[in-house]
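Numbers restart at 1 for each chain; the letters A, B, ... are given by sequence-line order, proteins then strands.
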Protein chains: 2
Amino acid sequence: MAEAAHLTIGDLARQTGTKVNTIRFYEESGLLPQAERTASGRRVYRDADTRRLAFIRQSRNLGFPLDAVRELLTLADDANQPCEAIDRIARVHLAEIDRKIADLSALRTELDRVIGSCSHGTVADCKIIETLAPRAHE
Amino acid sequence: MAEAAHLTIGDLARQTGTKVNTIRFYEESGLLPQAERTASGRRVYRDADTRRLAFIRQSRNLGFPLDAVRELLTLADDANQPCEAIDRIARVHLAEIDRKIADLSALRTELDRVIGSCSHGTVADCKIIETLAPRAHE
DNA sequence: GCTTGCTCCTACAGTAACTGGAGGTTGTAT
DNA sequence: ATACAACCTCCAGTTACTGTAGGAGCAAGC
Ligand SMILES: [Zn+2]
Ligand SMILES: [Zn+2]
Ligand SMILES: [Zn+2]
Ligand SMILES: [Zn+2]
């Protein structure tokens, strides 16, 4: 039932919600194979490319950096291997996200404290500025 | 008591915990004024520069982007103005941080769910891969 | 057959905020 | 005098694209 249609780069872009330039960028980055070309030099894609690109986009949506996506793509090809390595990449990524959330939360707390301390007078009295400027002790 | 010492760029870097290259970058970006030079072309700094750079660094530590730092520096110079504009910049920045935290938290939830669904078999059964690959329905 | 307009091509600059290095000069201490 | 550190000016690299310039191809309507 599936038709192995030949897609243009624009078709592929539409199917996957990816910009045309981004697809070319993925090709150049080695995430997508070098596409076949028509006689006039236009890229031609097949369903397998759609699936690969969808995988990449889904991974990106989950925040995996391109290096991790590259590894995931390789690992996903060995269907009979244990999925340990895949899980590890995902857990490392989760830890990274947790770190970022922790950093931002600490920042948020501090910034909120600074903002809350302002009594809305002149710049000379502004506690925000006072926090940013080094207190000239003495 | 304060001595208006002439500082080298290295002195300034040490005093503020900034890399030498970063100081040059700030100068080029207009955050620091063009430094005076010695006869041989070396940059010379004074205490006012230390204070300005400390302000920049403190702002950066609170996550303000350089554009915001630039505005803060300008606003901080008008000591008699109301601090409204400063507060607004800070609140906009806080909102941005909140947005990032929300985005990351949503990502974290989803990623955690995906990881949790893996039953540690082969790649063929891995739920993580299944999530990333488009389900070939039918 | 021709023009219009869309899609495609390559190549490159720009984004944020630095960081590091190459290649060369100056200052300082022994 | 000779190290050696610190300074100088470029400039490339980082992340993951995005947008644009300048040019060619392709399908449709007239
Ligand atoms: Zn206020
Ligand atoms: Zn204030
Ligand atoms: Zn597993
Ligand atoms: Zn798994």
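- Screening A:R43, A:R42, A:R46 for a side-chain hydrogen bond (donor to acceptor under 3.5 Å, both in side chains) with A:E36, the sole residue that qualifies is A:R46.
- Using a 4.0 Å heavy-atom criterion, one finds that A:R70 contacts no nucleic acid atom at all.
- Distance CG (B:D11) to C1' (D:dC7): 12 Å, rounded to an integer number of Å.
- Note on B:R57: every side-chain N or O is 4.0 Å or more away from OP1 and OP2 of C:dA17.
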Evaluation steps, salt bridge (charged side-chain N to carboxylate O under 4.0 Å, His left out), between B:R99 and B:E96:
CA-CA 5 Å; B:R99 209 186 48 71; B:E96 179 66 14; 2.9 Å; yes
Run the side-chain hydrogen bond (donor to acceptor under 3.5 Å, both in side chains) check on A:T122 and A:D125 step by step: do they pass?
CA-CA 5 Å; A:T122 64; A:D125 309 317; 3.2 Å; yes
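- Nearest-nucleotide positions on DNA chain C place A:R43 closer to the 5' end than the other of B:F64 and A:R43.
- Between A:R113 and A:E110 there is a salt bridge, since a side-chain N of the basic residue sits under 4.0 Å from a carboxylate O of the acidic one.
- Checking C:dT19, D:dC17, C:dC18 against every side-chain atom of B:K19, the shortest atom distance belongs to C:dT19.
- For the residue pair A:T109/A:D112, the side-chain donor-acceptor check at 3.5 Å is not satisfied.
- Shown here are the ring-ring contact (aromatic ring centres under 6.0 Å, His included) partners of A:F64, two or more places apart in sequence or in another chain: A:H93.
- Looking at residues 21-37 of chain A, you'll see A:R24, A:R37 sit with a heavy atom under 4.0 Å from some atom of DNA chain C.
- A:N61 has its CG atom 14 Å from the P atom of D:dA16, to the nearest Å.
- Summarising the local packing, CG of B:D77 is surrounded by more than 12 heavy atoms from other residues, nucleotides or ligands at distances under 6.0 Å.
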Scan nucleotides 23-27 of chain D against the protein and return all N/O pairs shorter than 3.5 Å with their distances rounded to 0.1 Å.
unit_1: D:dC26; atom_1: OP1; unit_2: A:S40; atom_2: OG; d: 3.0

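- Rounded to an integer number of Å, the gap from CG of B:L66 to P of C:dT19 is 11 Å.
- B:R52 and B:Y26 form no side-chain donor-acceptor contact under 3.5 Å, judged by distance and modelled atom types alone.
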